[in-house]
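Predicted model, so just to flag it, every value in this text is computed and none were measured.
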Number of protein chains: 4
Amino acid sequence: MLKVGLLGAGRIAIVHAKAITAHPDSELVAVSDVFPENAEKLAQTFGCAVRATEDIIADPEIGAVLIATSTDTHSNLIEQAAAAGKAVLCEKPVDLSLERARACQANVEDSGKPVMIGFNRRFDPNFGALKDALNAGDVGKAELLSITSFDPAPPPVSYIKVSGGLFRDMMIHDFDMANFIMGAPPVTISAVGSSIVDPEIGAAGDVDTAVVTMTYADGKVAVIKNSRRAVYGYDQRVELLGSEGLLQAQNMLENTLVKSTIAGVTGAKPTYFFLERYMPSYAAEWSAFVDAVNGGKALPVTLDDGVAALAMAEAATRSVAEGKPINLADVG
Amino acid sequence: MLKVGLLGAGRIAIVHAKAITAHPDSELVAVSDVFPENAEKLAQTFGCAVRATEDIIADPEIGAVLIATSTDTHSNLIEQAAAAGKAVLCEKPVDLSLERARACQANVEDSGKPVMIGFNRRFDPNFGALKDALNAGDVGKAELLSITSFDPAPPPVSYIKVSGGLFRDMMIHDFDMANFIMGAPPVTISAVGSSIVDPEIGAAGDVDTAVVTMTYADGKVAVIKNSRRAVYGYDQRVELLGSEGLLQAQNMLENTLVKSTIAGVTGAKPTYFFLERYMPSYAAEWSAFVDAVNGGKALPVTLDDGVAALAMAEAATRSVAEGKPINLADVG
Amino acid sequence: MLKVGLLGAGRIAIVHAKAITAHPDSELVAVSDVFPENAEKLAQTFGCAVRATEDIIADPEIGAVLIATSTDTHSNLIEQAAAAGKAVLCEKPVDLSLERARACQANVEDSGKPVMIGFNRRFDPNFGALKDALNAGDVGKAELLSITSFDPAPPPVSYIKVSGGLFRDMMIHDFDMANFIMGAPPVTISAVGSSIVDPEIGAAGDVDTAVVTMTYADGKVAVIKNSRRAVYGYDQRVELLGSEGLLQAQNMLENTLVKSTIAGVTGAKPTYFFLERYMPSYAAEWSAFVDAVNGGKALPVTLDDGVAALAMAEAATRSVAEGKPINLADVG
Amino acid sequence: MLKVGLLGAGRIAIVHAKAITAHPDSELVAVSDVFPENAEKLAQTFGCAVRATEDIIADPEIGAVLIATSTDTHSNLIEQAAAAGKAVLCEKPVDLSLERARACQANVEDSGKPVMIGFNRRFDPNFGALKDALNAGDVGKAELLSITSFDPAPPPVSYIKVSGGLFRDMMIHDFDMANFIMGAPPVTISAVGSSIVDPEIGAAGDVDTAVVTMTYADGKVAVIKNSRRAVYGYDQRVELLGSEGLLQAQNMLENTLVKSTIAGVTGAKPTYFFLERYMPSYAAEWSAFVDAVNGGKALPVTLDDGVAALAMAEAATRSVAEGKPINLADVG
């Protein structure tokens, strides 16, 4: 039984608490949060203790910590937990600063403890089925990857200001998805973007609509499209053209009802947002983490993956600023 | 907090145990089974006591019992539990004998206790969305209902021999679905069937492929198609033509991957069987039961609904045997 | 070059005139109609002569006649044309009277001339693909056939009164489709119907909504659903469950546009009516006729097929009237 | 009646000949080709004369010429025909040289005669429905356009060498589609590409897989994906995210058959290539041309549109060569 400390008690921490308590081989023993009332509420719901972060990290009984705190604390907590001998699952991104993330990577490497970054979409059954089909050779060799990732509505501008920007906050999931599918990082990254959804987002120095094109050493090409607003719901699709066919992971829908009237043939919208769409992936992610930690096996997603995606976000950010493609090797 | 006793510890009882323990307002306190080792195993997994059925029914602390035993015990247990003042949720069918089911209905009526029959498909989100759309007037008035309900593979012939036959065992769900959607029972029922899937099923006196046509007092028509074998999975669709359009609740799929190759464009199969397809409906069913019992409100499905569906199964069985339509009023 | 005389100049005759003139191996030489102005107009559009029906039939230069006149003239014209040595393609139904149709069948048999009945749906590429897949063994042996056939709107009651009723006028296409797919006629036919769309249709002695169930000698089952009104368009679907899978020929849509908004995900409606949906099938039907006549080969659809479908319509009509299943062998 | 001379008698000329002869208000009077036997064959099929190109252009009886010759002759023939007072419909592209195309544009402007460029995809009913829905405000204001355009198989490398390259030969259709939908040209164009399908194409100096990103003055963004090989067929999709929803014009399929087996649920492939997919659009294009010429109205696509798309192809070609985005204003 893996005893787990949960750092953070916000919305995503609750998702993880469900996965931890539902898993037959893990037990949630403690939670901490900078807002004690959040920690209390989560503790009550899931039946665990409220403790200070440092206590949790210092407790030799606790084998793993799940870091679901604000982004600016991730690197420090990863380092402290790893130094204390814990297995770590940390929410993305590793850090907003690529430099700091790389320092964290170097520090943790010394500790030798497993650190996994929470790219939960790798555990989505639809994207997983795509990856499996590619691995099985169903469409030959990968040639052209397209990722469509639209949120239903933009977050408050106040959030955007501290988010690190669309590329580090939102597209970072898609950068990791590209790495997951392509099996290698790109060579060049070229990004365009605008704040056509909300000029306030532009005034805050960010974009809300962006397209990134990436080229690979062997001639493969990838394109990622992001928008902060798709009024019909959470649009999450991946499409891969291979030498022998096309793979498409399509949206999950709210239900299967189809209505035909004089107005047309209408089906349900995509599941609204990440809590609906990706809920099963969080459970599968946790299960993979437990299996790796308990079984002493390699983690399915690593801190290196987290740093790699962050470097791509950095390159995309620069590409928009400088109006030209960026070599990924020149970042950092 | 509703304290619950679970009668039966087989496959479907485990599904219910999950729902009972996951619900914030109910608590699983005891389980019984004719096979003690099954009861022990379930009790261990879900943290409850193993007790004798009569003890559970006699315990004044227990407010509700869920009957998930073999069909031949349903009527007796419903009567005993209701007499002991319990709220009851009983798996379908009420009984294989319509006469016995009606006696049970009469006996329970006197007790005044709420008895719900487990027609879980009413709580499937897709069929629920269809019913909601009909109620909202999205397609005008109902005219022609079609239900397609195919199992992936036939059960063993040994099971079929004690099942009461396809109409009482399998199509009974569809009879209830028709009543749920149409809002009234049919007037005539006409059935044809054959054992084209497996002659052994025919030798056992049953059919494995059947079509039932039903007419209603106001001119509406319904048709139900059943097959014991659809090799591609569990095919569960409902389609309703109304005066202003068509509603279709389609299959749920294993995933959203679509693969295009020279062989065609291939998507995932329907979710395999009722545990996959209807798992969310069991939780919703239990939630509705708890809400009704705790809130003192009318149950969403009643013992009367269970008897009504059984009468339709009886009529269909006779229709095949006699080669002619049966008036539902003549059954009984 | 097959020289063709066209009998009739109405809406469906125009469809055939297009097919005749577009075919490289056939030539439209003459047209006749009881309304001379219709014949004149068609002749002008397609560049042919207007002549009397008897002149056309008597002309030794004309190798084939296409009969697209009113139903009550079909049998007589078939007999006259066959007696005159013409190859014949006649619109369905052969006759409203099964007795008369059988007499026609006997008379024509003596002449030895090829007579094809215009069951154009056999030439629809979607239903053709279904039949091909069945023949190729893609889904094993056929077990349960379902045909959905809804018109967008009912015809005037004045038409219905002379139409022979829904089974002879509308469902006759579906009876032929069942024969086409199943490869054998049914043994029993059981029909229910009502006039829920329009009580005036009921007052005229007909139904507007009907379901027919058919059983076959080897245990196969078929069900046909008809409605005179599907406000969303012309709903024409065929679905076949086999021992190794399911085949579905779905609707053709007006276009491929899909619109996702807060109101849902909306696609185009089915193509509106038979002229849109089945236009390609009329050309393919004509082509098959020309190939058979010129090549001296067997016709793909025969007068026997026309009589067989009419007998099934007769049985369904009786089944509704008598409230019981009819043995097809007892019809006639 | 518009008398038409057809210049060229190859594959695409035959498509146009069908449209010209089928249209009630146009008549094909003459055809020319550098290969006289091609001209003879087309003339025989469609019933017109074979004449020399200069004769056709000089004939005062001929009101319009359709130019379907090799690309290198387009500019000259447009100028000659316009100078002779003909209305012109010329296949894309105007020229491989942007400079020459602009000279042609200037020369024709003086003549005042209508010149239409054959961007037939504007007349595809699916893309047309998308444009209509956008104009109707169904999804608010356009924000992010995606065009997927994959050929089923690459042409011979010998053809690619004289084609002007993927951007001028293939993507030029998509550049025009972007202009059609967005209603304005882009400001910047950024392209990446590789020869991952066939290294021989790369050796010939071209790419076979390319992604182009375009930005617009008001913040809109567009992305075009091209591949020379999609083994499952001709993949032609357009997708537009707007402020109030998403529009998707999806592929047309060979038929509507869906087959469900243990291997999955398989539908038909996209229609194979442009002759199948776009045949209706050629007829609609010709009809629009005739309507404009006969009605003295503005052409739906102009020579300016042809030059604009060519400039975008030029910019994309440079972008790949120089590895950076190109301002469209800097091209020329």
Trainee: Around atom CD of Glu37(A), are there more than 12 heavy atoms from other residues, nucleotides or ligands closer than 6.0 Å?
Mentor: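 Atom CD in Glu37(A) is crowded, with more than 12 foreign heavy atoms closer than 6.0 Å.
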Trainee: Among Val265(B), Asp138(B), Thr266(B), who wins on heavy-atom pairs under 4.5 Å with chain A?
Mentor: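 Sorted descending by pairs with chain A, the first entry is Asp138(B).
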Trainee: Listed by residue number, which members of residues 232-245 of chain B have a heavy atom under 4.5 Å from any heavy atom of chain A?
Mentor: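 Residues of residues 232-245 of chain B touching chain A at under 4.5 Å: Glu244(B), Gly245(B).
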Trainee: Under 4.5 Å, heavy atom to heavy atom, which residues of residues 273-287 of chain A contact chain B?
Mentor: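 Checking residues 273-287 of chain A against chain B gives no residue, so none.
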Trainee: Report, in residue-number order, which members of residues 248-263 of chain B are under 4.5 Å from chain A by heavy-atom distance.
Mentor: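 Checking residues 248-263 of chain B against chain A gives Gln248(B), Ala249(B), Gln250(B), Asn251(B), Met252(B), Asn255(B), Thr256(B), Leu257(B), Val258(B), Lys259(B), Ser260(B), Thr261(B).
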Trainee: Quick check: under 4.5 Å, non-hydrogen atoms only, which of residues 122-132 of chain B neighbour chain A?
Mentor: Pro125(B), Asn126(B), Ala129(B), Leu130(B)
